[in-house]
Visitor: 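Please see the structure below; I have some questions.
Quick note on labels: first sequence line is chain A, next is B, and so on, each numbered from 1.
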2 protein chains.
Amino acid sequence: MPKVTEQYKDNRRAQITAAAARCFAAKGVHRTSMSDIIAESGLSAGAIYNHFKSKQEITVSVGATLIKGRVLEAVQALESEAGPVGPGQLLGRALRELDSGRVDDQPLSAVIIQLWAEAVVDETLMVLMQQQIRTIRTGFVGPIKRWAREVHGQTPARAARWADEVSQLLISMATGYVIQRALFPDFDRRKYIADAQRIITSMTP
Amino acid sequence: MPKVTEQYKDNRRAQITAAAARCFAAKGVHRTSMSDIIAESGLSAGAIYNHFKSKQEITVSVGATLIKGRVLEAVQALESEAGPVGPGQLLGRALRELDSGRVDDQPLSAVIIQLWAEAVVDETLMVLMQQQIRTIRTGFVGPIKRWAREVHGQTPARAARWADEVSQLLISMATGYVIQRALFPDFDRRKYIADAQRIITSMTP
DNA sequence: GTCTATAGCCAGATAGAC
DNA sequence: GTCTATCTGGCTATAGAC
């Protein structure tokens, strides 16, 4: 197989996925028709169905790429560049990263909610969303554990337990951010992030 | 206007709304067709369209009744029956109430997510969901403020600020609960509630 | 108010030329 | 691989008898 072809296919898929994401952001997943995606991508029906076998596959592809290289990577970068990182810093970094993501000038939250809802009735998407959330949570656990041990002198067992609970809290703060950002047009993201960070920072193991 | 008729109409609307909710829980909002709702309600197309002018109106009706008389009322009841109520108790009560709600043996969360997603692209539903979340949050603020003043001797100003931040946290814990309950079939609700409560309880103004 | 039957539409997906 | 043209099916909503 010539390597150019593989590359080419990936590019086309990315092009289609990005177009679909823009449509989803503008109209929601199930108000977006294939015609919309076709028009937005600049391709034709035939071309698109050559790369994806259904709208559902495109939707999954959007889900797979939407936060790729964002939240988790930002958190991991934070850990490698600094010393022990507390939960407040982790949350701040994650939320700011989530906040800066855009699809055609719309916040990611609008699309993420759609995908979560879709996941409830689509097994493939559900597994994908689970993986992403679990991956982020796991990314939180390590630093928090280390922080509890090194900064607060906790035993490994207590540190692990603490990290488990706090990481859950951080995930909820992140999902809470997504929901409210999507549902309240006047949602004060800055204040949410600042308040969340302050509250979390005030907690010690 | 005879009063029986008004009552009758309400009953029919409730019947249709309940049937729709069951469908939404089973198949998701946009995989549910009018035929599904018709079959589930035991009525006919004509009958249904006599009470609702579109599927969208039915969806809004489901949204309006789904958590009616649950979360908020439970929290308020707690406040009137006991003395000052701390944030941990508030959250526990709210989550347990959310947890006990069912639509045809399915958790409420599955339907709530669908409605949130729909709200992003439906103005009416969006306003409704905003109201519900705001109402619950406001229901949290009062008790928390009182608790901060009476139990921890905070000044009114500091108590108010604290209540504002903590109520936001509680809302996020609740939305986080909904998301994870819907996305993870093996989600450990008991542990979530217990952990959340413990963490919140450990926080003082 | 409720029924059955169906209009009318638009969705997702395919066929076949290039 | 991509295009245009089109099929098929199911959807929401309505018409009109009772």
Side-chain angles (χ1 to χ4, degrees), chain A residues 1-24 26-63 114-115 117-118 121-122 124-125, chain B residues 1-24 26-63 114-115 117-118 121-122 124-125:
Chain A
M1 276 291 182
K3 209 159 189 192
V4 205
T5 298
E6 206 53 33
Q7 176 71 292
Y8 180 83
K9 286 180 94 169
D10 285 350
N11 287 343
R12 274 285 185 262
R13 283 179 64 95
Q15 177 184 358
I16 296 163
T17 303
R22 287 193 296 275
C23 292
F24 291 174
K27 320 180 57 176
V29 170
H30 84 266
R31 281 155 114 120
T32 293
S33 67
M34 285 304 293
S35 313
D36 292 329
I37 299 176
I38 290 161
E40 179 70 29
S41 68
L43 295 174
S44 65
I48 287 183
Y49 278 97
N50 205 353
H51 294 284
F52 294 95
K53 87 168 199 287
S54 69
K55 181 182 170 184
Q56 189 262 4
E57 264 197 6
I58 298 180
T59 307
V60 171
S61 179
V62 171
Q114 310 275 324
L115 297 176
E118 203 56 25
V121 290
D122 179 323
T124 310
L125 208 47
Chain B
M1 277 291 185
K3 211 166 191 184
V4 205
T5 298
E6 206 54 31
Q7 175 71 293
Y8 180 83
K9 286 180 94 169
D10 285 351
N11 287 343
R12 275 286 185 262
R13 283 179 65 96
Q15 175 184 0
I16 296 162
T17 304
R22 288 193 296 274
C23 293
F24 291 173
K27 319 180 56 175
V29 170
H30 84 266
R31 283 156 114 118
T32 293
S33 68
M34 284 305 291
S35 312
D36 292 328
I37 300 176
I38 289 162
E40 179 70 29
S41 68
L43 294 173
S44 66
I48 287 183
Y49 277 96
N50 206 349
H51 294 284
F52 294 94
K53 85 167 199 287
S54 68
K55 181 182 170 184
Q56 188 263 3
E57 264 197 6
I58 298 179
T59 308
V60 171
S61 179
V62 170
Q114 309 276 322
L115 296 175
E118 202 56 24
V121 290
D122 179 323
T124 310
L125 209 47

Visitor: Out of D:dT2, C:dG1, D:dG1, which has the shortest distance to the side chain of A:Thr5?
Guide: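 Given the options D:dT2, C:dG1, D:dG1, the side chain of A:Thr5 is closest to D:dG1.
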Visitor: Indicate the atoms forming the closest heavy-atom contact of B:Gly63 with B:Leu115, along with that distance.
Guide: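 Nearest pair, atom of B:Gly63 first, then B:Leu115: CA-CD1, 3.6 Å.
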Visitor: Taking only side-chain N and O atoms of B:Arg12, does any of them lie within less than 4.0 angstrom of OP1 or OP2 on C:dT2?
Guide: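 Affirmative; the distance criterion is met.
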Visitor: What integer distance in Å separates B:Tyr8:OH from C:dG1:P?
Guide: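 One finds 7 Å between P of C:dG1 and OH of B:Tyr8, rounded.
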Visitor: For DNA chain C, which residues in residues 14-22 of chain A have a heavy atom at a distance below 4.0 Å?
Guide: none
Visitor: Just the rounded figure in Å: distance from C1' of C:dC3 to CD1 of B:Ile48.
Guide: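 Taking atom C1' of C:dC3 as the reference, CD1 of B:Ile48 is at 12 Å.
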Visitor: Closest approach to the side chain of B:Ala47, judged atom by atom: which nucleotide of D:dT2, C:dT2, C:dG1 is it?
Guide: C:dT2
Visitor: Between P on D:dC11 and CD1 on B:Ile37, what's the gap in Å once rounded to a whole number?
Guide: 11 Å
Visitor: Within this structure, what is the CD-to-P distance between B:Glu57 and D:dT12, rounded to whole angstrom?
Guide: 15 Å
Visitor: Taking atom P of D:dG1 as reference, at what distance in whole Å does atom CG of A:Asp10 sit?
Guide: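 Whole-Å distance recorded here is 11 Å.
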Visitor: Find the bend of the helix from C:dG1-D:dC18 to C:dC18-D:dG1 as the angle between its two terminal axes (five pairs each), to the nearest 10°.
Guide: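 Between the first-five-pair axis and the last-five-pair axis there is 10°.
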Visitor: Taking protein heavy atoms under 4.0 Å as touching, what does nucleotides 6-18 of chain C look like 5' to 3' if B marks base contact, S marks sugar-phosphate-only contact and - marks none?
Guide: -----SSBB----
Visitor: How many whole angstroms separate atom CG of B:Asn50 from atom P of D:dA15?
Guide: 13 Å
Visitor: Which heavy atom of B:Gln15 sits nearest a heavy atom of B:Ser41, and at what distance?
Guide: NE2-O, 3.2 Å
Visitor: Rounded to the nearest Å, what distance is computed from the NE2 atom of residue A:His51 to the C1' atom of nucleotide D:dC3?
Guide: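 Result: 13 Å.
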